[in-house]
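Worksheet: one structure, shown below.
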Protein chains: 2
Amino acid sequence: MASTEKEPAGALSGIRVGRVAAPLREQVLDGLRRAILDFDLKPGARLVERELMEQIGVSRTTIREVLRELAAEGLVVVIPQKGAVVHAPSPVEAQDLYAVRAALESLAVRRFIERASAADVDALRATVDEMEAVALGEGDIPALLRAKDRFYDVLLEGAASPTIQDILGGVQARVRLLRATSLSQPGRPVRVISEMRALVAAIAARDAGEATRLCVAHLDNASSTGLKALAADSAAS
Amino acid sequence: MASTEKEPAGALSGIRVGRVAAPLREQVLDGLRRAILDFDLKPGARLVERELMEQIGVSRTTIREVLRELAAEGLVVVIPQKGAVVHAPSPVEAQDLYAVRAALESLAVRRFIERASAADVDALRATVDEMEAVALGEGDIPALLRAKDRFYDVLLEGAASPTIQDILGGVQARVRLLRATSLSQPGRPVRVISEMRALVAAIAARDAGEATRLCVAHLDNASSTGLKALAADSAAS
DNA sequence: GTTGATTATTTTGTCCGACAATCGTATGGT
DNA sequence: ACCATACGATTGTCGGACAAAATAATCAAC
């Protein structure tokens, strides 16, 4: 999210100091973020300061600062006098987030087309192959989701825009639950992969218009699939 | 920014309690945010915890939590072991932010066209009139900027999407410096107003394609104007 | 038995003081 | 003028403290 690393990688790489001084707070932040994104902390779960303190082993000061950051990122929502809970987006909010994703990802795709090298395109194609391998294996949804994350990593890498990466990253994080739900629908993975292949093809052809169209269409499908599954779930319960 | 209010507005409206308890922290947050957005705290200015503590009259705990939120919002950047400074976007970053704005604002415009009532369109037109009045008066840039903010408030209100409002608000805040710089260029205000009038006309005609085009074009102009002015400034100094 | 009021417990919000680690700078020696 | 050291300022983190608010539990009354 807030990652700003630049490495010239000149003649003196390797003696690069691993970490310029990592505030403990950031480790806690990364840890909690990962826990939320991996669904170790499920949406709606309460985050009680004292519990986090004991389980993580840091003071309340640090915990509270981290919670404020997560709140500003939109991953948790803090209710005054009540505390923080893992954010659970409502259906309409999820729909909006998907619309924002579509706008931003198509922007990223256009940037990629403008700036990326042929090697970047190959790398992008490789991540789709990787996804296919995971999808054909078993129905390991989390692994598939991680593979898809990798696709976006490469895409944003090639787009060469930390700003877009930062903002889009935040949006994607907020709909991660829906993304997982959508991917877990029967038949969805194979369709996703064919959509991605088409997108990569358009990107390789440097066809910005077609790529934008495919990108938006893909997210449209993902959105409606996820929302339908969500509606079915809540109806079943 | 982090406004999440939902009101079913059923039979029991009106007895809604205004504020359930406002944590002191939020007042400080709003105050500091306003100070940054109004350039009372200029980009690059250091935010020393002890000073803020004394000037605002709250404890370091509260100050630090607020700084973490502002950091996550991107309004300040904290350098480990060095402290927080008001964020000063680099030219390339500003360019990216304008691209993101274009993507998001055109989305908001389309949403507005879909959902807004005729009264909303009138309200939008009224804000442009207001801007014109300010622009023709004197060269009060901050007032003009505030009037333009009001335009976006109405736009996002009509778009009826707190999510888009939230994310776009964050982006706009980060480029506020550039927006002010751009508006202060001679002749820019009148051009801005004619661009906005054209945009409102397209919106009133419910022409999504044209409105999108105009919106993107407007931001393109604003971006290049701002960047040019910035380059001239840094050359002069 | 359900409702209502009172009390206890938990949890947040805020403050204070403390101390090590680190950064920037002034100091002083050469 | 240059380098090393010492000093001061500032952040990072901890611990404890207490009021205010929310939640849960207990008991009284109808």
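So that the names make sense, note that chain A is the first sequence line, chain B the second, and so on, each numbered from 1. Atom set for the values below is all heavy atoms of this structure, side chains included, hydrogens, waters and symmetry mates excluded. Everything numeric here is computed off the predicted structure, so don't read it as measured data.
- Among the atoms of the strands shown, none is found under 4.0 Å from any heavy atom of A:Leu67.
- Taking 4.0 angstrom as the limit, B:Lys82 places a side-chain polar atom (N or O) nearer than this to OP1 or OP2 of C:dG24.
- A salt bridge links A:Arg176 with A:Asp149: at least one charged nitrogen is closer than 4.0 Å to a carboxylate oxygen.
- Here the C1' atom of nucleotide C:dT11 and the CD atom of A:Glu54 are 13 Å apart, to the nearest Å.
- As a whole-Å value, the separation of B:Glu49 CD from C:dT22 C1' is 14 Å.
- The stretch residues 50-61 of chain A participates, sequence neighbours left out, in these salt bridge (Lys or Arg N to Asp or Glu O under 4.0 Å) pairs: A:Glu49-A:Arg60.
- Listed by first and then second residue, the side-chain hydrogen bond (donor to acceptor under 3.5 Å, both in side chains) pairs involving residues 219-232 of chain B are B:Glu195-B:Asn221 (not counting sequence neighbours).
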For nucleotides 13-16 of chain D, give me every protein contact, N/O to N/O, under 3.5 Å, one pair per line with atom names.
{"from": "D:dT13", "atom 1": "OP1", "to": "A:Leu24", "atom 2": "N", "distance (Å)": "2.1"}
{"from": "D:dT13", "atom 1": "OP1", "to": "A:Arg25", "atom 2": "N", "distance (Å)": "3.2"}
{"from": "D:dT13", "atom 1": "O4", "to": "B:Arg60", "atom 2": "NH2", "distance (Å)": "3.0"}
{"from": "D:dC14", "atom 1": "OP2", "to": "A:Ser59", "atom 2": "N", "distance (Å)": "2.9"}
{"from": "D:dC14", "atom 1": "OP2", "to": "A:Ser59", "atom 2": "OG", "distance (Å)": "3.0"}
{"from": "D:dC14", "atom 1": "OP2", "to": "A:Thr62", "atom 2": "OG1", "distance (Å)": "2.8"}

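- When rounded to the nearest whole Å, the span between CD of A:Glu51 and P of C:dT9 equals 19 Å.
- Contact annotation for B:Ile63: no contact, since no heavy-atom pair falls under 4.0 Å across all strands.
- Scanning for salt bridge (charged side-chain N to carboxylate O under 4.0 Å, His left out) contacts around B:Asp38 gives B:Arg34, with sequence neighbours left out.
- In this model, the phosphate group of C:dG24 is not approached by any side-chain N or O of B:Arg46 to a distance below 4.0 Å at OP1 or OP2.
- You'll find the side chain of B:Asp30 reaches within 4.5 Å of the side chain of B:Arg33, heavy atoms only.
- Taking atom CD on B:Gln81 and atom P on C:dT22, their separation rounds to 7 Å, with Å as the unit.
- A rotation axis mapping the C1' atoms of four pairs onto the next four is fitted at both ends of the helix from C:dG1-D:dC30 to C:dT30-D:dA1 over five pairs, and the angle between these axes is 0° to 10 degrees.
- Among residues two or more places apart in sequence or in another chain, the side chain to side chain donor-acceptor pair (under 3.5 Å) test is passed with B:Arg110 by B:Thr212.
- Rounded to a whole Å, the CD1 atom of B:Ile79 is 17 Å from the P atom of C:dT22.
- Listed by chain and residue number, nothing satisfies the salt bridge (charged side-chain N to carboxylate O under 4.0 Å, His left out) test with B:Asp140 (two or more places apart in sequence, or in another chain).
- With sequence neighbours excluded, the residues forming a side chain to side chain donor-acceptor pair (under 3.5 Å) with A:Arg101 are A:Glu105, A:Tyr152, listed by chain and number.
- Residues passing the side chain to side chain donor-acceptor pair (under 3.5 Å) test with B:Glu93, sequence neighbours excluded: B:His87.
- Rounding to whole angstrom units, CD1 of residue B:Ile56 and C1' of C:dC15 are separated by 15 Å.
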